[in-house]
Amino acid sequence: AGITFSALVKVYGIYSSQVQLFGDVCAGVACAVAAVQWMPQILTTCRLARVGSLSVLMTTAQAIGGVAATLNAALHSTTEMAWISYAFNTMMIFILMLVLFRIWIRQSRGISFMFSFMM
């Protein structure tokens, strides 16, 4: 990707529509990779209906960090495609987090279950 980007910049210039299109395609590929990364975990967690080795607390922290990273990218970028992969990845983490919370509430073990790693 780096060689292709360098060639496009050299031939067309950094602000050309060709370079913008290449960036848009890279963002789309990043979203597809994020879906491939998170969907098996989400589907397995739904199918098993148990939290397993996943940490509800750490998934929540990762989701909050994803929101912060998405906001940072959105506020400091010139196009929406520059931050859409951050937003998509954060959305996938939030879906997993909501699935974990649903299972956690169903198991109704209380707050000690969430912090059981500390004991």
Side-chain angles (χ1 to χ4, degrees):
I3 295 171
T4 305
F5 176 74
S6 297
L8 285 172
V9 168
K10 185 173 175 102
V11 173
Y12 297 108
I14 190 74
Y15 297 109
S16 67
S17 61
Q18 290 85 358
V19 172
Q20 179 68 36
L21 178 64
F22 180 73
D24 292 348
V25 169
C26 286
V29 169
C31 289
V33 169
V36 168
Q37 173 189 356
W38 287 105
M39 283 309 294
Q41 183 65 59
I42 292 169
L43 294 175
T44 301
T45 304
C46 286
R47 190 169 8 98
L48 295 177
R50 60 186 172 90
V51 174
S53 64
L54 292 172
S55 170
V56 177
L57 183 64
M58 293 312 292
T59 305
T60 304
Q62 190 173 5
I64 293 168
V67 169
T70 301
L71 285 174
N72 183 38
L75 295 174
H76 294 98
S77 66
T78 55
T79 66
E80 63 276 350
M81 293 308 282
W83 57 269
I84 198 73
S85 60
Y86 289 105
F88 187 79
N89 197 22
T90 301
M91 180 191 72
M92 298 299 280
I93 295 168
F94 262 103
I95 290 171
L96 179 61
M97 184 187 70
L98 292 174
V99 168
L100 290 175
F101 272 127
R102 182 182 62 99
I103 293 169
W104 182 54
I105 290 169
R106 247 190 206 169
Q107 291 176 345
S108 66
R109 292 187 180 177
I111 197 72
S112 63
F113 174 69
M114 181 185 253
F115 297 105
S116 62
F117 67 92
M118 291 181 178
M119 297 177 188

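Numbers here are sequence positions counted from 1.
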Which residues satisfy the side chain to side chain donor-acceptor pair (under 3.5 Å) test with Q20, sequence neighbours excluded? D24
Identify each donor-acceptor pair in which a side-chain atom of residues 41-51 lies under 3.5 Å from a protein atom, sequence neighbours left out, and give them as a table.
{"from": "Q41", "atom 1": "NE2", "to": "T45", "atom 2": "OG1", "distance (Å)": "3.1"}
{"from": "T44", "atom 1": "OG1", "to": "P40", "atom 2": "O", "distance (Å)": "2.7"}
{"from": "T45", "atom 1": "OG1", "to": "Q41", "atom 2": "O", "distance (Å)": "2.7"}

With a cut-off of 3.5 Å and sequence neighbours excluded, list every side-chain donor-acceptor pair involving residues 84-100.
{"from": "N89", "atom 1": "OD1", "to": "W38", "atom 2": "NE1", "distance (Å)": "2.6"}
{"from": "T90", "atom 1": "OG1", "to": "G66", "atom 2": "O", "distance (Å)": "3.1"}
{"from": "T90", "atom 1": "OG1", "to": "T70", "atom 2": "OG1", "distance (Å)": "3.2"}
{"from": "T90", "atom 1": "OG1", "to": "Y86", "atom 2": "O", "distance (Å)": "2.9"}

Measure the OG-CD distance between S55 and Q62 for me, rounded to the nearest 0.5 Å. 10.5 Å
Running the 4.5 Å side-chain criterion over Ile, Leu, Val, Met, Phe, Trp and Tyr, what cluster does I64 land in, apart from itself? none
Contact check, side chains of L71 and W83, non-hydrogen atoms, under 4.5 Å: no
Taking everything shown except I3 itself, do over 12 heavy atoms lie less than 6.0 Å from its CD1? no
Side-chain atoms of residues 10-17: list all donor-acceptor pairs with protein atoms under 3.5 Å, sequence neighbours left out, distances to 0.1 Å.
{"from": "S16", "atom 1": "OG", "to": "G13", "atom 2": "O", "distance (Å)": "3.1"}
{"from": "S16", "atom 1": "OG", "to": "V19", "atom 2": "N", "distance (Å)": "3.3"}

Which residues share a side chain to side chain contact (heavy atoms under 4.5 Å, CB included) with A68, sequence neighbours left out: none
